[in-house]
Asks: 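Questions regarding the structure given below will be posed in turn.
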Amino acid sequence: MLIENKRIAIVGGGPGGLTLARLLQIKGADVKVYERDLNRDVRVQGATLDLHYESGLEALRRAGLMGEFKANYRPGADRIRIVDGKAVVFFDEHNGEIVDDFEDQYFRPEIDRGPLRNILLDSLEPGTVIWDSQFLSMSAEGEGWKLDFKNGTSAAADLVIGADGANSKIRPFITPAKPFYSGVTVIEGTVYDAKENTPDIFELLNDGKIFALANNKTLVVSSKGDGSLAFYAGWKTNENWIRESGLDFSDKSQLLSWFKQEYSDWDSLWHELFLNDSTQFMPRQINSMPLDQRWETKPNLTLLGDAAHLMPPYAGEGVNMAMQDAFELAEKLTEGDCQNLHTAIAKYEVQMRCRASEVTSISLESTKSLHSPVALQWMLEMFAL
Ligand SMILES: Cc1cc2nc3c(=O)[nH]c(=O)nc-3n(C[C@H](O)[C@H](O)[C@H](O)COP(=O)(O)OP(=O)(O)OC[C@H]3O[C@@H](n4cnc5c(N)ncnc54)[C@H](O)[C@@H]3O)c2cc1C
């Protein structure tokens with residue numbers, strides 16, 4: 001095996017990095033994951049994730065974790081309501097029984113980010129994840145790398161994999177390419193105890209997902225297993241809006257005023273999302289890596305997931321692509337017929353960049369369509385297919 005007696009450092013313990021760690025560890029590899037979070041109990045926020053048959057679910061099958069997934073996914077949470085800004089329902093998947101068929105390639109079961117992370121963490125040997133290790137930089141050492149972390153520690157590795165997400169600090173060691181702005185900014189939020197705090201939206205959600213579309217704007221709301229809901233409101237604005245808006249994103253009254261103005265023709269039902277003391281808001285520029293990325297392969301360093309090919313979330317592919325990268329890279333490193341690591345990484349990167357480019361293109365197109373005057377019609381047609 002190419003990675004026999006090699007020390008492997010994965011930087012970033014998101015779904016991509018942890019899936020890779022599991023897949024390598026079951027082949028006997030010496031692997032460590034360096035994660036900046038202080039510990040595993042940090043609350044994982046963000047919308048739920050739907051895993052796809054040929055990518056996210058395939059990764060879990062290969063990792064031997066489908067049993068754990070089936071015990072933790074949320075039956076029925078994939079059911080969608082498509083509504084307009086006035087909350088009029090145009091499409092509803094809540095009619096009829098929940099039919100969950102894991103053999104059906106179009107079945108896309110939902111799981112919350114926290115439970116998915118726990119499944120992957122629990123599958124690793126104790127001590128695999130080194131918490132509180134925020135990667136700062138690295139330098140060549142022999143044929144490998146010396147990695148330096150913010151907490152003052154360092155580590156040596158023969159092979160480094162950057163799985164450190166959208167703002168990857170490993171990426172510049174491979175490519176000067178930077179993400180570009182998609183034209184859409186979102187405000188993301190989490191409401192705890194949604195039944196109590198957002199009763200009308202809780203009812204409309206019905207333990208599923210809402211896509212609200214009107215006047216070039218979107219609002220995506222997902223129910224979560226712990227009784228909270230996650231939402232993100234997206235609209236077209238200039239690249240510097242977050243900095244120039246002058247908003248204090250910890251002040252819910254400012255956010256409510258902003259929403260009332262920006263979403264002025266939307267129903268007041270949505271205001272519930274901005275009325276609770278516990279709601280936390282996070283503004284995000286929706287960025288994408290270029291579609292035509294090329295770089296010279298390194299023999300001891302590569303990228304996966306958002307670090308390699310950040311894309312907008314509007315096709316629901318980001319986590320699936322990260323997990324597919326993980327199983328394709330693991331396969332090249334442990335099962336392929338490559339002569340050396342350099343060739344194995346090169347083969348992985350060609351395949352990964354090609355797939356990511358196609359999917360990023362689809363994600364950019366859907367970002368554009370969902371923030372256009374015909375968004376509702378476009379989405380209804382997609383669901384009619
Ligand atoms: C609003 C929104 C909604 C989304 N919805 C969906 C969806 O419905 N479906 C979907 O498939 N995708 C969705 N995505 C995208 C998805 O979240 C990402 O594509 C996915 O999480 C990528 O996984 P990853 O493992 O590559 O990176 P990440 O999940 O970003 O994980 C990176 C990890 O690296 C750690 N890290 C970062 N920097 C450092 C450092 N310097 N040192 C050490 N550790 C570090 C982080 O703490 C994190 O644990 C959404 C994204 C957003 C913003």
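We count ligands from 1, going down the list as the structure has it; atoms in each ligand are counted the same way. Here, residue 1 is the first one in the sequence, and each next residue gets the next number.
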Asks: Judging by distance only, is a nitrogen or oxygen of R284 under 3.5 angstrom from one on ligand 1?
Replies: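 Looking only at distances, the answer is no, because the N/O contact criterion of under 3.5 Å is not met.
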Asks: State whether the shortest distance between N or O atoms of E35 and N or O atoms of ligand 1 falls below 3.5 angstrom.
Replies: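 For ligand 1, there is an N or O atom that lies under 3.5 Å from one belonging to E35.
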Asks: Sub-3.5 Å donor-acceptor pair from the side chain of T297 to the main-chain atoms of I345, do we have one?
Replies: no
Asks: Side-chain donor-acceptor pair under 3.5 Å between T175 and Q293, yes or no?
Replies: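 Note: T175 and Q293 side chains miss the donor-acceptor criterion.
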Asks: Below 3.5 Å, N or O to N or O, backbone or side chain included: is there any such pair between F135 and ligand 1?
Replies: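 Yes, since at least one N or O of F135 sits under 3.5 Å from an N or O of ligand 1.
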Asks: Side chains of T153 and N151: any donor to acceptor distance under 3.5 Å?
Replies: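 N151 vs T153: donor-acceptor pair found between side chains.
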Asks: Walk me through it: do F281 and F274 pass the test ring pair (Phe, Tyr, Trp, His ring centres under 6.0 Å)?
Replies: CA-CA 9 Å; F281 302 100; F274 299 88; 5.6 Å; yes
Asks: Report yes or no: do H309 and D325 form a side-chain donor-acceptor pair below 3.5 Å?
Replies: yes
Asks: Examine distances only and state if a side-chain atom of D148 and a backbone atom of S154 form a donor-acceptor pair shorter than 3.5 Å.
Replies: no
Asks: Identify, for atom 34 (O) of ligand 1, the protein heavy atom at the shortest distance, and state residue, atom and that distance.
Replies: G12 CA, 3.3 Å
Asks: Got a sec, which residues hit salt bridge (Lys or Arg N to Asp or Glu O under 4.0 Å) with K252, two or more places apart in sequence or on another chain?
Replies: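 For K252, the residues satisfying salt bridge (Lys or Arg N to Asp or Glu O under 4.0 Å) (neighbours in sequence not counted) are D277.
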Asks: Using distance alone, with no hydrogens and no angle criterion, decide if E110 and T48 have a side-chain donor and acceptor under 3.5 Å apart.
Replies: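 Yes.
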Asks: Name the option, out of L147, D306, L136, that contains the heavy atom nearest to atom 19 (O) of ligand 1.
Replies: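 Of the listed residues, D306 has the closest heavy atom.
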Asks: When you check the side-chain N and O atoms of Y73 and D100, is any donor under 3.5 Å from an acceptor?
Replies: yes
Asks: Could you find the nearest protein heavy atom to atom 4 (C) of ligand 1 and give me its residue, atom name and distance?
Replies: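 For atom 4 (C) of ligand 1, the nearest protein heavy atom is P313 CB, 3.4 Å.
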Asks: Could you list the atoms of ligand 1 found under 4.0 angstrom from a heavy atom of G318?
Replies: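 Selected atoms, number and element: 10 (C), 11 (O), 12 (N), 19 (O).
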Asks: With respect to V319, determine whether any N or O atom, backbone or side chain, lies less than 3.5 Å from an N or O atom of ligand 1.
Replies: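 N/O-N/O distance below 3.5 Å exists for this pair.
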Asks: How far is atom 29 (O) of ligand 1 from the closest protein heavy atom, and which atom is that?
Replies: P15 CD, 3.4 Å
Asks: So, the side chain of D112 versus the backbone of G114: is there a donor-acceptor pair under 3.5 Å, distance only?
Replies: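 Looks like no, no N/O pair under 3.5 Å.
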Asks: Has ligand 1 got any nitrogen or oxygen that is less than 3.5 angstrom from a nitrogen or oxygen of R36?
Replies: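 Such a contact does occur with ligand 1.
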Asks: For G16, counting its heavy atoms only, list the atoms of ligand 1 lying under 4.0 Å from any of them.
Replies: 25 (O)
Asks: Can you sort out the partners of E328 under salt bridge (Lys or Arg N to Asp or Glu O under 4.0 Å), two or more places apart, ordered by chain and number?
Replies: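 With sequence neighbours excluded, E328 shows a salt bridge (Lys or Arg N to Asp or Glu O under 4.0 Å) to R355, given in chain and number order.
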Asks: Looking only at protein heavy atoms, which one is nearest to atom 33 (C) of ligand 1, and what is the separation?
Replies: G14 N, 3.6 Å
Asks: Hey, does F231 have a side-chain heavy atom less than 4.5 Å from the side chain of S222?
Replies: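 No; the side chains remain at least 4.5 Å from each other.
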Asks: Check ligand 1 against S133 and write out every atom of the ligand that is under 4.0 Å from a heavy-atom position of the residue.
Replies: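 Atoms satisfying the 4.0 Å criterion: 42 (N), 43 (C).
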Asks: Need the ligand 1 atom indices (1-based, order shown) with element for anything under 4.0 Å from a heavy-atom of T48.
Replies: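 With T48 as reference, the close atoms of ligand 1 come out as 8 (O).
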Asks: Can you confirm, on distance only, whether ligand 1 has an N/O atom lying under 3.5 Å from any N/O atom belonging to V11?
Replies: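 Checking ligand 1 against V11, no N or O pair falls under 3.5 Å apart.
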Asks: Between the side chains of W295 and E349, does any donor sit under 3.5 Å from an acceptor?
Replies: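 Side chains of W295 and E349: pair found under 3.5 Å.
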Asks: What atoms of ligand 1 come closer than 4.0 angstrom to any heavy atom of A163?
Replies: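 Going through ligand 1 atom by atom, the ones under 4.0 Å from A163 are 32 (C), 33 (C), 34 (O).
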Asks: Can you check which of K169, R113, E188 brings a heavy atom nearest to atom 1 (C) of ligand 1?
Replies: E188
Asks: Counting from 1, what ligand 1 atoms have a heavy atom of G305 closer than 4.0 Å?
Replies: 26 (O)
Asks: List ligand 1 atoms under 4.0 Å from Y34, heavy atoms only on the residue side.
Replies: 43 (C), 44 (N)
Asks: Indicate whether the side chain of Q134 and that of K169 have a donor and an acceptor atom separated by less than 3.5 Å.
Replies: no
Asks: Please state whether L49 comes within less than 4.0 angstrom of ligand 1, counting heavy atoms only.
Replies: yes
Asks: Could you identify the single nearest non-hydrogen protein atom to atom 30 (O) of ligand 1 and state the distance to 0.1 Å?
Replies: G165 CA, 3.6 Å
Asks: With a cut-off of 4.0 Å, which atoms of ligand 1 are near a heavy atom of R117?
Replies: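 That gives atoms 49 (O) of ligand 1.
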Asks: Of the listed options (A166, A326, A322, G316), which comes nearest to atom 9 (N) of ligand 1 when hydrogens are ignored and any heavy atom counts?
Replies: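 It is G316 whose heavy atom sits nearest to atom 9 (N) of ligand 1.
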